Amino acid sequence: MIRRELTELHQILVRAGLVVRTAGNVSARVGEDHFLIKPSGLPYDELTPDSMVLCDLEGKAVDGEALKPSSDVFAHAYVYRHRPDVGGVVHTHSPYATVWAARGEPIPCVLTAMADEFGGGIPIGPFALIGGDETLAGHRGPAVLMRDHGVFTIGGTARAAVKAAVM
Ligand SMILES: O=C(CO)[C@@H](O)[C@@H](O)COP(=O)(O)O
């Protein structure tokens with residue numbers, strides 16, 4: 001069930017114009033010690049429930065997984081280790097939000113929809129190389145910009161995190 005839902009959630013990012021080719025990814029917590037995430041390098045139109053990769057909270061694929069987890073797996077794992085309340089993490093290259101990330105500026109809360117969804121503006125964290133997690137440290141809101149890169153959102157479920165990414 002969760003594999004199917006995670007596959008469908010990835011298609012929502014495509015329909016919303018937030019990702020292209022293989023960029024971006026969605027993950028969902030599974031039990032206390034694992035999460036499922038998009039495989040690395042697989043285009044969205046080739047994603048299937050079975051292609052989702054089961055990982056431990058260090059971001060390591062469990063034995064027997066055929067595909068490599070997304071290159072952002074360590075950022076997702078960081079969130080799941082530090083935020084037991086989080087059930088889903090999303091990373092996108094939203095064209096609009098990524099402009100702010102490229103400018104190194106937070107997105108001010110200038111729309112009621114932002115106040116509703118995010119409770120305020122969207123902060124920006126430092127650039128982190130793949131595997132780094134500095135950007136996400138210390139943020140409590142549902143969304144954060146990674147400078148010069150893109151967007152990360154979180155939610156109690158993967159569906160909630162995707163909603164934050166779309167909003
Ligand atoms: O933004 C990045 C890398 O900078 C990733 O989201 C993107 O390349 C997707 O990589 P994966 O195919 O998930 O390994």
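In each ligand, atom 1 is the first atom listed, and ligand 1 is the first ligand listed. Computed from a predicted model, the values in this text were never measured in an experiment.
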Exercise. Does ligand 1 have an atom that lies less than 4.0 angstrom from a heavy atom of G41?
Worked result: yes
For this session: Could you list which atoms of ligand 1 come closer than 4.0 Å to a heavy atom of S40?
Result: 11 (P), 12 (O), 14 (O)
Exercise. If you count the atoms of ligand 1 from 1 in the order shown, which ones are under 4.0 Å from a heavy atom of S70?
Worked result: 11 (P), 13 (O), 14 (O)
Exercise. For the residue pair W100 and P106, what are the closest heavy atoms and their distance?
Worked result: CE3-O, 3.2 Å
For this session: Spell out, as yes or no, whether a donor-acceptor pair under 3.5 Å connects the side chain of K38 to the backbone of G24.
Result: yes
Exercise. Looking only at N/O atoms, are P39 and ligand 1 under 3.5 Å apart anywhere?
Worked result: no
Exercise. What atoms of ligand 1 come closer than 4.0 angstrom to any heavy atom of K38?
Worked result: 11 (P), 12 (O), 13 (O)
Problem set entry | For A23, the ligand 1 atoms whose distance to one of its heavy atoms is below 4.0 Å | 7 (C), 9 (C)
Exercise. Between H91 and H76, is the ring centre distance below 6.0 Å?
Worked result: no
Exercise. What atoms of ligand 1 come within less than 4.0 Å of a heavy atom belonging to N25?
Worked result: 6 (O), 13 (O)
For this session: Decide whether a cation-pi geometry holds between K60 and F74; the criteria are a distance under 6.0 Å from NZ or CZ to the six-membered ring centre and an angle within 45° of the ring axis.
Result: no
Exercise. So is H149 close enough to ligand 1, meaning a heavy atom under 4.0 angstrom away?
Worked result: yes
Exercise. Can you check whether V89's main-chain N or O pairs, donor with acceptor, with Y80's side chain at less than 3.5 Å?
Worked result: yes
For this session: Using a strict cut-off of less than 4.0 Å between a Lys/Arg side-chain nitrogen and an Asp/Glu carboxylate oxygen, indicate whether R103 and E105 qualify as a salt bridge.
Result: yes
